[in-house]
Novice: 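First, the structure itself, so that you have it in front of you.
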Amino acid sequence: AVVILEKVCCSYNCKEIHLVFDKILTPSIKGFERDCRNIGELESFTIAGPEQLRPSSWTNALRNNSFKESLVTFLISYWERNELSVFYGEKIVYVTCKNKCFRFTSSNGKVSKSEMPNLYALHEEADSRMFFHVRSLSGPANIVLRTNDTDVLITALGCMENINENIKIWIDINVYAKNTRRYIFIN
């Protein structure tokens, strides 16, 4: 949990970070796609605490809806510890979990977590949930959407007419192959 928070907060030079996750629904089109590829539910999974050993195959665990939902719930609970305030610094971190969104800030060594009802979303896919967050911004702002999913590009193009014109959007896409990282300017 600490390593993930450190990577999220220290890897980007920005004021706000929005970690937007899928909302797991059953049954769903996404679940049907996983079943067709034989990547369905592997087993029920609960994260009990930071000392718990991680699954032997991180990739397979991330294909497990129960694991993903448990991981996000655990992170949201764990990241409000005051000893983690050093990682937040002046940044504001938003994290989605199910229909809710939580905001984390740090001041004087204390971490504050609050729910953000204006960012509650019923969307299943993180692809569309990202643009729900972008649409809530008034601008001016420069936004970089970090993803390895090319569907986000198509979703971005479809959403641009609903985004404040003072917001500039880039997609930082990488398909994890040599020399494939690209910044695509959407506007």
Side-chain angles (χ1 to χ4, degrees), residues 4-5 7-37 39 59 62-65 67-73 75-76 79 88 90-105 113-177 179-187:
I4 295 170
L5 180 63
K7 189 165 189 91
V8 164
C9 289
C10 299
S11 296
Y12 301 100
N13 182 22
C14 59
K15 295 178 185 177
E16 289 185 13
I17 298 168
H18 294 248
L19 293 175
V20 180
F21 296 99
D22 288 334
K23 177 181 151 192
I24 308 300
L25 295 176
T26 307
S28 73
I29 292 172
K30 199 167 194 173
F32 178 73
E33 289 175 3
R34 282 193 193 104
D35 289 344
C36 289
R37 289 181 275 155
I39 309 174
T59 302
L62 289 175
R63 292 176 176 155
N64 180 319
N65 287 338
F67 175 79
K68 286 191 293 190
E69 195 167 73
S70 186
L71 176 63
V72 173
T73 301
L75 293 176
I76 286 172
W79 285 355
Y88 292 104
E90 299 293 317
K91 292 183 183 272
I92 301 170
V93 177
Y94 295 87
V95 184
T96 64
C97 182
K98 301 178 184 173
N99 290 343
K100 295 185 177 184
C101 182
F102 299 90
R103 177 182 184 216
F104 292 86
T105 57
K113 177 179 95 173
S114 55
E115 287 189 36
M116 302 300 295
N118 63 318
L119 293 175
Y120 285 7
L122 299 176
H123 308 261
E124 178 181 4
E125 292 277 339
D127 303 7
S128 57
R129 294 177 84 149
M130 282 191 273
F131 290 98
F132 182 75
H133 279 244
V134 171
R135 188 174 178 201
S136 73
L137 302 172
S138 58
N142 291 308
I143 308 293
V144 177
L145 302 173
R146 176 75 180 105
T147 184
N148 64 350
D149 188 347
T150 55
D151 292 353
V152 173
L153 173 61
I154 303 306
T155 303
L157 294 173
C159 291
M160 286 311 294
E161 69 183 43
N162 296 315
I163 305 296
N164 183 310
E165 65 186 32
N166 293 323
I167 294 178
K168 306 300 179 212
I169 302 174
W170 286 263
I171 293 181
D172 174 2
I173 193 159
N174 177 357
V175 291
Y176 301 108
N179 195 28
T180 61
R181 188 169 194 180
R182 303 287 184 261
Y183 287 88
I184 302 169
F185 184 57
I186 302 301
N187 300 69

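Numbers here are sequence positions counted from 1. Both backbone and side-chain heavy atoms feed into the values below; hydrogens, waters and symmetry mates do not.
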Novice: Donor-acceptor check, side chain of Lys23 to backbone of Thr96, threshold 3.5 angstrom: yes or no?
Specialist: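 Such a contact is absent between Lys23 side chain and Thr96 backbone.
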Novice: Atom CD1 in Ile154, atom SG in Cys159: separation rounded to 0.5 Å?
Specialist: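 SG of Cys159 is found 11.5 Å from CD1 of Ile154.
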Novice: Go through the structure and list residues passing side chain to side chain contact (heavy atoms under 4.5 Å, CB included) with Ile92, not counting sequence neighbours.
Specialist: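 Glu16, Tyr94, Arg103, Thr105.
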Novice: Taking the side chain as every heavy atom from C-beta outward, state whether Ser11 and Val8 have any atom pair closer than 4.5 Å.
Specialist: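 A side-chain contact is absent here, since even the closest heavy-atom pair is not under 4.5 Å.
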Novice: Under the side chain to side chain contact (heavy atoms under 4.5 Å, CB included) criterion, do Phe102 and Val93 qualify, and how do the steps go?
Specialist: CA-CA 8 Å; Phe102 299 90; Val93 177; over 6 Å; no
Novice: Distance from Arg135 atom CZ to Leu137 atom CG, nearest 0.5 Å?
Specialist: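 Spacing of CZ (Arg135) from CG (Leu137) equals 12.0 Å.
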Novice: Supply the atom-to-atom distance Phe104 CZ to Lys91 NZ, rounded to the nearest 0.5 angstrom.
Specialist: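 Spacing of CZ (Phe104) from NZ (Lys91) equals 16.0 Å.
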Novice: Do the side chains of Cys97 and Thr73 get nearer than 4.5 Å, heavy atoms only?
Specialist: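 With C-beta onward as the side chain, the pair touches.
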Novice: Nearest heavy-atom pair of His133 and Cys101: which atoms, and what distance?
Specialist: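 Answer, listing the atom of His133 first, then Cys101: CE1-SG, 3.6 Å.
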Novice: Less than 4.5 Å apart, side chain to side chain, heavy atoms only: is that true for Ile169 and Ile163?
Specialist: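 Of all side-chain heavy-atom pairs linking Ile163 with Ile169, at least one is under 4.5 Å.
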Novice: Answer with yes or no after comparing the ring centroid distance for Trp170 and Tyr183 against a 6.0 Å cut-off, counting only values under it.
Specialist: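 For Trp170 and Tyr183, the ring centres are not under 6.0 Å apart.
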Novice: What is the distance from atom CD1 of Ile17 to atom SG of Cys9, rounded to the nearest 0.5 Å?
Specialist: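 Reported to 0.5 Å precision, the distance equals 4.5 Å.
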Novice: Pair Asp22, Glu124 - check side chain to side chain contact (heavy atoms under 4.5 Å, CB included), show working.
Specialist: CA-CA 6 Å; Asp22 288 334; Glu124 178 181 4; 5.7 Å; no
Novice: Looking at Lys15 and Glu90, is any side-chain nitrogen of the basic one under 4.0 Å from a carboxylate oxygen of the acidic one?
Specialist: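 Result for this pair is no, no salt bridge flagged.
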Novice: For the residue pair Lys100 and Arg129, what are the closest heavy atoms and their distance?
Specialist: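 Scanning both residues completely, I find the closest heavy atoms to be O-NH2, 4.3 Å.
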Novice: Minimum heavy-atom separation for Ala126 to Phe21, with atom names?
Specialist: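 Shortest heavy-atom separation between Ala126 and Phe21 comes out as CB-C, 3.8 Å.
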Novice: If you round to the nearest 0.5 Å, how far is CE of Met130 from NE2 of His123?
Specialist: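 Spacing of NE2 (His123) from CE (Met130) equals 12.0 Å.
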Novice: Check whether any side-chain heavy atom of Ile167 sits under 4.5 Å from a side-chain heavy atom of Asn187, and report yes or no.
Specialist: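 No, side chains not in contact.
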Novice: Between atom NZ of Lys98 and atom OH of Tyr120, what is the distance when rounded to the nearest 0.5 Å?
Specialist: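 Between Lys98 NZ and Tyr120 OH, I get 12.5 Å after rounding to 0.5 Å.
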Novice: For Arg146 and Asp172, work out which heavy atoms get closest and say how close.
Specialist: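 Nearest heavy atoms, Arg146 then Asp172: CD-OD2, 3.1 Å.
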Novice: Taking the side chain as every heavy atom from C-beta outward, state whether Val152 and Phe131 have any atom pair closer than 4.5 Å.
Specialist: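 Side chain of Val152 against side chain of Phe131, heavy atoms only: contact under 4.5 Å found.
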Novice: Output, in order, the C-alpha distance, side-chain angles, deciding distance and verdict of side chain to side chain contact (heavy atoms under 4.5 Å, CB included) for Asp127 and Thr147.
Specialist: CA-CA 9 Å; Asp127 303 7; Thr147 184; 5.8 Å; no
Novice: Of the non-hydrogen atoms in Ser136 and Leu119, which two are nearest, and what is the gap between them?
Specialist: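 Looking at all heavy atoms of both residues, the closest pair is OG-CD2, 3.5 Å.
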Novice: Which pair of heavy atoms, one from Phe132 and one from Ala121, lies closest together, and at what distance?
Specialist: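 Residues Phe132 and Ala121, closest heavy atoms: CD2-CB, 3.9 Å.
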Novice: Might you work through the side chain to side chain contact (heavy atoms under 4.5 Å, CB included) test for Lys113 and Ile76, ending with a clear yes or no?
Specialist: CA-CA 9 Å; Lys113 177 179 95 173; Ile76 286 172; 3.8 Å; yes
